[in-house]
Amino acid sequence: MSNDFTEDDENEQVAVITPATIRVLLLDDSPENLLLRSTILRQHGYDAVPVATVEEAEEHLNEIDIAVLDYHLGAGQFGTEVAARLREQHPQIPIIILSATLERRFGGVEDMHLLKGYSSVDDLLSALRSFEAKRSGRPVVVDARDFFYSRINMAMGGDVVLEILDRDGNWQYVNDACAGLLGKPRSWFPGRNMFEETPELAADWEEIIRTVADTRETYIDRTFRGLLNLPKRGQEWVWNVLAFPITLHDNRKGVVLSARILERKPAI
């Protein structure tokens, strides 16, 4: 924190506290990526510390507030080497790992993992703001479900109705397409039970959801039955429905239920 001084009406000095600039370590072996991220962060008020190697990064561990580390570097180096050293020396410093897969876990429980190719600049800035607020002592609420599962939604495309549930049918995530069909905001779903809210689905889908979660097998159904929405009167919708297993953000068994409209045709 830095102190600037102003004078009040009685000419007394009053300290005005201004927040210190957040220093962000950026590790990437690509000069283009480093230049782009550094420029963006500086435009948003951060002090970027760009480095290209593990050795360079380790020279700055005592002077940073947040670390953004690319997982796979050139010359057989990995950003996790810096993450491990940083966790050992300064466990309070948050770490953001940029990787091509979310299958592995890095660092500590407060760290974030952004999926390269799908995560946006806004994702990085949002993560930085969350960590910055936590560092300043302000409460931060990060919906881990939304952050984790939105990558699946982006990979599958916006024309797919997507729901992620635990083995008992409790919604963990739905995408905009699903929420729009049901006429409710996405925030309404997490924690609610699909079979309690739509009991007509229980007969067809309750056993399927639990079987997919427990056996880790994939289920394919090309019929209309079991979907959350009904087609408009006078129309018949042909769907491609897929249910496949997933390990949830809290390591419980879960299921991804997706449905794509293959054809809309008049009902006979």
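The side chain to side chain contact (heavy atoms under 4.5 Å, CB included) search around Val51 returns Leu25, Leu27, Glu56, Ala57, His60, not counting sequence neighbours. Under the salt bridge (Lys or Arg N to Asp or Glu O under 4.0 Å) criterion, Arg23 pairs with Asp47, Glu63, sequence neighbours left out. With sequence neighbours excluded, the residues satisfying side-chain hydrogen bond (donor to acceptor under 3.5 Å, both in side chains) with Glu55 are Gln77. Among residues two or more places apart in sequence or in another chain, the side chain to side chain contact (heavy atoms under 4.5 Å, CB included) test is passed with Asp29 by Asp70, Leu73. Residues that satisfy the side-chain hydrogen bond (donor to acceptor under 3.5 Å, both in side chains) test with Arg216, not counting sequence neighbours, are Thr247. In this view, Asn153 and Asn175 satisfy the side-chain hydrogen bond (donor to acceptor under 3.5 Å, both in side chains) rule, not counting sequence neighbours. In this structure, the side chain to side chain contact (heavy atoms under 4.5 Å, CB included) partners of Ala202, at least two apart in sequence or on a different chain, are Phe195, Glu206. Legend: residues meeting side chain to side chain contact (heavy atoms under 4.5 Å, CB included) with Val160, ordered by chain and number and at least two apart, are Met156, Ser258, Arg260.
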Q | Ile95 and Val68: CA distance, side-chain angles, deciding distance, side-chain contact (heavy atoms from CB on, under 4.5 Å) verdict | A | CA-CA 6 Å; Ile95 299 171; Val68 179; over 6 Å; no
Q: Might you work through the side-chain contact (heavy atoms from CB on, under 4.5 Å) test for Asp214 and Arg167, ending with a clear yes or no?
A: CA-CA 8 Å; Asp214 291 340; Arg167 69 177 301 278; 2.8 Å; yes
Q: Please step through side-chain contact (heavy atoms from CB on, under 4.5 Å) for the pair Arg252 and Gln172, ending with a clear verdict.
A: CA-CA 11 Å; Arg252 292 183 297 133; Gln172 307 298 304; 3.6 Å; yes
Q: Check the pair Tyr46 / Ile40 against side-chain contact (heavy atoms from CB on, under 4.5 Å), numbers first and verdict last.
A: CA-CA 9 Å; Tyr46 294 97; Ile40 291 172; over 6 Å; no
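Separating the CG atom in Leu98 from the CG atom in Asn33 is a distance of 9.0 Å, to the nearest 0.5 Å. We find the CD1-CG distance between Ile209 and Asp204 to be 11.5 Å, quoted to the nearest 0.5 Å. Separation of atoms CG (Leu34) and CG (Leu26) is listed at 6.5 Å; rounding is to 0.5 Å. Arg210 contributes atom CZ, which lies 12.0 Å from atom CG of Leu165 (distance to the nearest 0.5 angstrom). Residue Leu35 holds its CG atom at 11.5 Å from CG of Asp28, rounded to the nearest 0.5 Å.
Contacts classified as salt bridge (charged side-chain N to carboxylate O under 4.0 Å, His left out) and involving residues 88-97 (residues at least two apart or in different chains) are not found. Every pair passing ring pair (Phe, Tyr, Trp, His ring centres under 6.0 Å) that includes a residue from residues 74-94 is listed here, sequence neighbours excluded: Tyr71-Phe78, His72-Phe78. Legend: salt bridge (charged side-chain N to carboxylate O under 4.0 Å, His left out) pairs involving residues 189-198, not counting sequence neighbours, sorted by first then second residue: Arg192-Glu197.
Taking all atoms of both residues into account, the shortest heavy-atom contact from Ile152 to Ile164 is CD1-CD1, 4.0 Å. The two atoms that bring Ile97 and Ala83 nearest to each other are CD1-CB, 4.5 Å, heavy atoms only. The two residues Leu69 and Gly79 come nearest to each other via the heavy atoms CD1-O, 3.5 Å. Residues Leu162 and Cys178 share a closest heavy-atom pair of O-CB, 3.8 Å. Here the closest non-hydrogen pair linking Ala259 and Val241 is CB-CG2, 4.2 Å. Closest approach of Pro245 to Thr218, counting heavy atoms only: CD-OG1, 4.0 Å.
Asn193 places a side-chain N or O within donor-acceptor distance of the main-chain N or O of Asp168, the cut-off being under 3.5 Å. Between the side chain of Thr198 and the backbone N or O of Leu201 there is no donor-acceptor pair closer than 3.5 Å. Remark: side-chain polar atoms of Arg186 are paired, donor with acceptor, to backbone N or O of Val174 under 3.5 angstrom.
A 4.5 Å side-chain heavy-atom check between Ile66 and Ile22 finds at least one atom pair inside the cut-off. Using a 4.5 Å heavy-atom cutoff, the side chains of Val49 and Val24 are not in contact. Taking 4.5 Å as the limit, some side-chain heavy atom of Lys184 sits within range of a side-chain heavy atom of Phe189. Between Leu124 and Ile96 there is a side-chain heavy-atom pair separated by less than 4.5 Å. Within the 4.5 Å cutoff, side-chain heavy atoms of Trp205 are placed close to those of Leu257. Within the 4.5 Å cutoff, the side chain of Asn170 has no heavy atoms near those of the Met194 side chain.
A salt bridge does not link Lys253 with Asp166: none of the charged nitrogens is closer than 4.0 Å to a carboxylate oxygen.
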